[in-house]
Amino acid sequence: MNKRHKRNRNLGITYKRSFNGLRIMQCDEGVIVNYLSRVYETIDKALEDHPRTTAVRVDLRIGSYLAGSNSLMISEFIASLISQIEADSKRKKRSGKRVHKCNVRYAWVKEKDTALNQHYHMVLFFNKDSYAFLGSCLLYTSPSPRD
């Protein structure tokens, strides 16, 4: 049975243990169906782009000096990641290696439930022919705190 979110009536909540035939983690407050649908669409599009897809879960922890930061951090993170992938592809091409197209797809959620500082849970989808596993070429460094 789907209900409506208390603070946003446009969001539906489900208490079921599955969504579109896939098992989902459940919590006492339920899970927002709209978000599940978007994640499902993102996975579907990632597999449409690249039938051989690598999925990587990432937790981005935010230091207390960045507390109060907003969702632009995710946009900056993704822009940096895409830029690094493009640079890696150019490097591979110059060295004569085969380069596979790699569209990055992602889903994320911000959390500050019981943690001291907010943090983000993210899943990244890559073309497995380009990136089959994590390595040193996909790095992101956050800005240092100003003294």
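Positions are given from 1, in the same order as the sequence printed here. All figures in this text were calculated on a predicted structure; none of them were measured in a lab.
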If only atom types and distance count, is the side chain of Thr42 paired as donor or acceptor with the main-chain N or O of Arg38 below 3.5 Å?
yes

Mind listing the closest non-hydrogen atom pair of Gly30 and Ile13 along with its distance?
CA-CG2, 3.7 Å

Of the non-hydrogen atoms in Val99 and Lys92, which two are nearest, and what is the gap between them?
CG2-CB, 3.9 Å

Contact list for residues 50-60, test side-chain hydrogen bond (donor to acceptor under 3.5 Å, both in side chains), sequence neighbours left out
His50-Asn127, Arg52-Asp129, Arg57-Asp59, Arg57-His121, Asp59-His121

Does the pair Val123 and Tyr106 meet the rule for a side-chain contact (heavy atoms from CB on, under 4.5 Å), with working shown?
CA-CA 6 Å; Val123 62; Tyr106 59 95; over 6 Å; no

Only counting residues at least two apart or in another chain, list the ones meeting salt bridge (charged side-chain N to carboxylate O under 4.0 Å, His left out) with Lys90.
none

Contacts of type salt bridge (charged side-chain N to carboxylate O under 4.0 Å, His left out), residue Glu48, not counting sequence neighbours:
none

Does the side chain of [X] reach to within under 4.5 Å of the side chain of [Y], using non-hydrogen atoms?
X      : Y      : result
Ile85  : Tyr131 : yes
Leu124 : Ile78  : yes
Arg91  : Asp88  : yes
Val109 : Tyr35  : no

Partners meeting side chain to side chain contact (heavy atoms under 4.5 Å, CB included) with Phe19 (sequence neighbours left out):
Ile24, Val33, Leu36, Ser37, Tyr40

Can you list the residues that meet the side chain to side chain contact (heavy atoms under 4.5 Å, CB included) rule with Ile43, with sequence neighbours excluded?
Val39, Leu47, Phe125

Inter-residue atom distance Ile82.CD1 - Ser89.OG, 0.5 Å rounding:
11.5 Å

Atom CG of Asn34 and atom OG1 of Thr14: how far apart are they, to the nearest 0.5 Å?
11.0 Å

Any donor-acceptor pair under 3.5 Å linking the side-chain atoms of Ser80 with those of Glu76?
no

Considering only residues two or more places apart or on different chains, which pairs with a residue in residues 98-107 satisfy salt bridge (Lys or Arg N to Asp or Glu O under 4.0 Å)?
Asp49-Arg105

Output all residues satisfying side chain to side chain donor-acceptor pair (under 3.5 Å) with Lys128, sequence neighbours left out; order by chain, then residue number.
none

